[in-house]
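These notes are about the structure you will find just below.
This structure is a prediction, so every number in the text was calculated from the model and none was measured. Keep in mind that the numbers below use all heavy atoms, side chains included, and drop hydrogens, waters and symmetry copies. Order of listing sets the numbers, starting from 1, for every ligand and every atom in it.
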Amino acid sequence: MEQLAEWVRKRDRVLVMGVLNVTPDSFYDGGKHATVSDAVGHALAMVEEGADIVDVGGASSRPGAYPVGVDEELERVGPVIEGIRARSDVAISVDTTWAAVARAAIASGAGMVNDISALRFDPDLASVVAEMGVFAVLMHMQGDPQSMQVSPSYANPVGEIRSFLKERLQAAVEAGISGERLIVDPGIGFGKRLAHNLAILRNLSEFTSLGAPLLVGVSRKGFLGEILDLPPSERLEGTIAVNAIAVACGADILRVHDVKEGRRTADVAHRLRSDAT
Ligand code: 7PM
């Protein structure tokens with residue numbers, strides 16, 4: 001986690017967060033890692049390909065996904081985080097909305113909580129993050145995974161999402177979390193139609209201006225399928241195109257399934273950024 005604190009101060013590179021879903025039904029790579037050793041092996045392969053963070057999720061958060069209990073989520077992510085930590089010092093984020101899962105995952109070596117609810121679903125999560133001094137990703141979502149894609153609607157998507165993230169940053173600081181430990185994320189695909197996702201991606205400066213590092217997660221997502229009329233397995237070029245533009249427009253962290261391609265995209269696009277050296 002020290003390397004993350006150093007990075008926040010220097011911001012000298014774009015970070016790549018590799019997705020590690022340890023669930024039977026996750027979007028795209030769901031079920032590929034049926035055993036702990038498979039999951040740990042994939043995490044280590046992502047580190048080799050250039051991942052700065054491995055994002056371990058025990059519950060699918062794709063549209064229509066049903067909630068997994070705290071205990072089951074913990075049973076899934078705990079051994080995997082321990083296994084990764086035993087063999088690598090890569091930063092680990094735990095993708096959870098539960099305080100109990102976060103606490104155990106941090107004890108096992110996670111240095112970041114990736115919370116799609118932005119500390120809203122579990123009232124105890126903010127204090128766990130504050131007490132244990134780890135990083136938190138605050139992501140925008142309209143509704144919840146079960147309902148969010150039923151009929152997303154906004155009067156002013158960019159303005160509403162920016163205000164939400166600003167309010168969540170303030171709430172997190174008031175809960176005792178250091179501002180240096182907070183990351184914001186507009187939540188592509190979380191209660192958004194195509195037009196909303198495009199509006200977000202065309203206006204990333206509205207989010208970088210909040211002062212916290214900006215995470216963007218577009219990897220193989222549905223909006224790319226709407227544009228290309230292709231399944232997730234055929235959305236890598238679309239992912240690369242959007243990630244390149246997002247980095248050039250200020251994104252600091254990319255959440256990707258394909259780490260090798262994400263790393264190369266980040267490193268090239270970072271050089272095109274006006275503020276890059
Ligand atoms: C729809 C399809 C919604 C796929 C979500 C997914 C993000 C995340 C996920 C993100 C952060 C998937 C994703 N997406 N966490 N978790 N930001 N912070 O890849 O964009 O399965 S789940």
Whether S219 lies under 4.0 Å from ligand 1, heavy atom: no
Geometric N/O contact K221 with ligand 1, under 3.5 angstrom: yes
V218 contact mode with ligand 1 (heavy-atom cut-off under 4.0 Å): neither
Part of R255 within contact of ligand 1 (heavy atoms, under 4.0 Å): side chain
Counting from 1, what ligand 1 atoms have a heavy atom of [X] closer than 4.0 Å?
| X | result |
| --- | --- |
| H257 | 19 (O) |
| D95 | 16 (N) |
| V137 | 18 (N) |
| N114 | 11 (C), 15 (N), 18 (N) |
| G217 | 20 (O) |

Atom CG of N156: over 12 foreign heavy atoms under 6.0 Å: yes
Geometric class of the Y154/H140 ring pair [parallel <30°, tilted 30-60°, perpendicular >60°]: tilted
From V184, D185, I188 - option closest to atom 11 (C) of ligand 1 by heavy atom: D185
Salt-bridged, [X] to [Y], with N to O below 4.0 Å?
| X | Y | result |
| --- | --- | --- |
| D267 | R271 | no |
| R120 | D144 | no |
| R255 | D95 | yes |

For the student: nearest non-hydrogen atoms of V113 and T96, plus distance: CG1-O, 3.9 Å
R11 charged N/C atom sitting above W7 aromatic ring, 6.0 Å / 45°: yes
